[in-house]
Amino acid sequence: MEQHLPAFIWPRQSSAALACFDAQDIVIIYVEVPENIERDAARQALRLAVTELLVTAFHCPVQKIRISSMFAKGVYALVDGQELFISMSYEVGIAIAAISCKNQIGIDILRVAPEIEWEDLARLYLGAQKATEIRAAPVPNQFRLFATYWTQLESTFKSERITLTEYENQISAANHHLLADAELFSLQVPNAYVASLALSKKV
């Protein structure tokens, strides 16, 4: 059965986001950004939102919060010495982040754009079985199903700190177990997008 998690628009749903984080030690927030915004500006807006959430959640001055990124480690936050796991993703018009106190996480979001040629991508990255399943779906649903599988793949690799490289031929072999073992969640985001979250079993 597919698992779902809410995503909260920041700051409009800040109270609900903070309550979720307090109850579950994990929260997903997103910010809406102009469609023509540069990636660096979207990243800054999202990091500001994450910082605001952490300031309130931990009753901590902003000076004691540091959001950083390292190769092979990804994005993380230090809050008064405590390390938190963070994953971020960007699409046209939106930037989204997941914050967890306990698990390595990966998040990915994709805008629903049926004009994108998805068939070769599905065959190369998702495998023959899923590509066939997508083609068998009603045409209006095909891209959304592709986007679901694609964001699951990307979020899983992010949670394991693995880079998905172009024309990766080893996904179905060496890394297939990651996809089978990942704890995956569909995220409740605006209908123009599809997003997934993966929780790593590593802590």
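Summarising the geometry of Gln24 relative to Leu5, their closest heavy-atom pair is OE1-CD2, 3.9 Å, with the distance given to 0.1 Å. Residues Arg111 and Tyr193 approach most closely at CA-CD2, 3.6 Å, considering heavy atoms.
Side-chain contact between Leu84 and Cys101: present, with at least one pair of heavy atoms (C-beta onward) separated by less than 4.5 Å. Using a 4.5 Å heavy-atom cutoff, the side chains of Arg135 and Thr132 are in contact. Counting heavy atoms from C-beta on, the side chains of Thr151 and Ile109 never come closer than 4.5 Å. Annotation: side chain of Phe85 is not in contact with side chain of Ser200 (no heavy-atom distance under 4.5 Å). Here the side chains of His59 and Asp80 are not in contact, with every heavy-atom distance at 4.5 Å or above. You'll find the side chain of Lys158 reaches within 4.5 Å of the side chain of Ser89, heavy atoms only. No side-chain heavy atom of Ser186 sits less than 4.5 Å from a side-chain heavy atom of Thr148.
Ring centers of Trp118 and Phe143: at least 6.0 Å apart, outside the cut-off.
A distance-only check finds no donor-acceptor pair linking the side chain of Tyr90 to the backbone of Asp40 [under 3.5 Å].
A 6.0 Å sphere centred on CD of Glu117 holds no more than 12 heavy atoms belonging to other residues, nucleotides or ligands.
The same ILVMFWY cluster, assembled from side-chain heavy atoms under 4.5 Å apart, contains both Ile29 and Ile67.
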